[in-house]
2 protein chains.
Amino acid sequence: MDSAARKVDTVNMDVRTTGDRSYHHGNLRAALIDTAVEQARAGGAAEVVLRDAARRTGVSHNAAYRHFADRDDLLAAVSERGMEELEHRMRERVSTLSVGGPAELASARLRAAGREYVHFALAEPGLFTTAFTCARPKDVAPVGHGPYGVLTAVLDELVEAGVLPAERRPGADVTCWAAVHGFAVLCLEGPLRDLPDAERDAQLEGLLDRVARGL
Amino acid sequence: MDSAARKVDTVNMDVRTTGDRSYHHGNLRAALIDTAVEQARAGGAAEVVLRDAARRTGVSHNAAYRHFADRDDLLAAVSERGMEELEHRMRERVSTLSVGGPAELASARLRAAGREYVHFALAEPGLFTTAFTCARPKDVAPVGHGPYGVLTAVLDELVEAGVLPAERRPGADVTCWAAVHGFAVLCLEGPLRDLPDAERDAQLEGLLDRVARGL
DNA sequence: ACCCCATGTGGACACCGACAACATGGACAG
DNA sequence: CTGTCCATGTTGTCGGTGTCCACATGGGGT
């Protein structure tokens, strides 16, 4: 499968835009993941259907089995994509911040990271839940990468800026992540499901306050 | 369906223990929920299969459709059971606490409630995830009932005991629940999945510390 | 120029959720 | 006591899905 992934880079990418030119698609794996991501966006992991994904990609069922061992394997690829997108949005949000001194900046960044985490979950519920529910056991939390990486970086920054005492640093990441992730999940499928937007935002700000205060 | 639920109480309950006596089961709805809960315990919502549940209950497929509109309807019933069990365990844990004054007691109760929440999730991962993923939109968070009810009661107690300023009370429940729920979810399917037990417990205590401090 | 193997195809099987038509027998009216 | 009615359970069926199998194709390396 590494060879397949590498081939994706070597083969010209316009195969799909020019129409399925021939027997061999040339870029099937990526195309299937695209389709599956779209399915996940539309309705979560349950909506990701192998046969339908193949159909929409213009290829016969079973073609997918040359690129994925399982349906679960495809789901795992979707999960990876979702994680990447979440990480990307968080990095973007955090990096486009420019206020006063390093202390205020670090604090603002922590809040911004948390806010963006929740906003992504609310904006892309299907992709978000799929990302966490269907991750492969192996590539879960390769420390420093993914959303977790963004969080640890911001927290380290907070220590460097002198806002967070170094002895309080261990474990802070888990608390922050848990609070924000829990809030997102409760908003998506829990009792905070149909809270009006304004109220939800207010609750989120309150949560961010308390978490920062408790660090 | 109310009539069916009421009949469960009127009909003698030993039908299942004496063996399926005849054409009419007499207690099918409850029996099917039992079986489905067992399936959910074993492997989460994905493991809950209508036909198999009917089979194991000693009844033909389709019999379930007299008691549940859908597979989703059955899952909702399982969710309800899971919530009840979670609430029960939390209440039990919280009530069997007896330390010093009202302030210490209330604080200890908050921690105990959170700890038990996570322990339930870890002990019954399938039931826990099913309970939250498959809840009916309607009976989600009937304020005062369910796990949420236990939490609000404990927080109110904290205010009465003078530990938590009244002006900080609003929103405290959301933060507490989010933190604990998020931690549970991250332990089940997230990056904290295969953390050794001791480390996990330590992280949980740290989280409880920070949450209490931030309230 | 040739062959080989990665990639895609068509067919088959078991299983599932859902619907429809039919069977059974307990409860209740007369 | 008897006859009927309807809630409950049964068999049959349909479309859809995941997965395995044997086979077809053709581009890249010898």
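A note on names: the letters A, B, ... follow the listed sequences, proteins ahead of strands, and every chain is numbered from 1.
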I need the [atom1]-[atom2] distance between [X] and [N], as an integer number of Å.
X       : N      : atom1 : atom2 : value
A:Glu47 : D:dT17 : CD    : P     : 11 Å
B:Leu74 : C:dG17 : CG    : C1'   : 12 Å
B:Phe68 : D:dT8  : CZ    : P     : 12 Å

Worksheet item: To the side chain of A:Arg66, which of C:dG8, D:dT10, C:dT9 is closest?
Response: C:dG8
Worksheet item: Could you state the interatomic distance from CG (A:Asp156) to CZ (A:Arg169), rounded to the nearest 0.5 Å?
Response: 4.5 Å
With the threshold set at 4.0 Å, does a side-chain nitrogen-carboxylate oxygen contact exist between [X] and [Y]?
X       : Y        : value
B:Asp72 : B:Arg136 : no
B:Arg81 : B:Glu85  : no
B:Arg41 : B:Glu47  : no

Discussion item. Parallel, tilted or perpendicular: which one describes the rings of A:Tyr117 and A:Phe128, with boundaries at 30° and 60°?
Written reply: perpendicular
Worksheet entry | Side-chain N or O of B:Arg55 closer than 4.0 Å to phosphate OP1/OP2 of C:dC16 | yes
Worksheet item: Just to confirm, is there a sub-4.0 Å distance from OP1 or OP2 of D:dT11 to any side-chain nitrogen or oxygen of B:Ser60?
Response: yes
Practice prompt. Please step through side-chain hydrogen bond (donor to acceptor under 3.5 Å, both in side chains) for the pair B:Thr35 and B:Thr57, ending with a clear verdict.
Written response: CA-CA 7 Å; B:Thr35 310; B:Thr57 313; 3.0 Å; yes
What N/O pairs connect the protein and nucleotides 18-20 of chain D at under 3.5 Å? Give each pair on its own line.
| residue | atom | partner | partner atom | Å |
| --- | --- | --- | --- | --- |
| D:dG18 | OP1 | A:Leu50 | N | 3.1 |
| D:dG18 | OP2 | A:Leu50 | N | 3.3 |
| D:dG18 | OP2 | A:Arg51 | N | 3.1 |
| D:dG18 | N7 | A:Arg51 | NH1 | 2.5 |
| D:dG18 | O6 | A:Arg51 | NH1 | 2.9 |
| D:dT19 | OP1 | A:Asp70 | OD1 | 3.2 |
| D:dT19 | OP2 | A:Tyr65 | OH | 2.9 |
| D:dT19 | OP2 | A:Arg71 | N | 3.1 |
| D:dT19 | O5' | A:Tyr65 | OH | 3.4 |
| D:dT19 | O4 | A:Arg51 | NH1 | 3.0 |
| D:dC20 | N4 | A:Asn62 | OD1 | 2.6 |
| D:dC20 | N4 | A:Asn62 | ND2 | 2.4 |

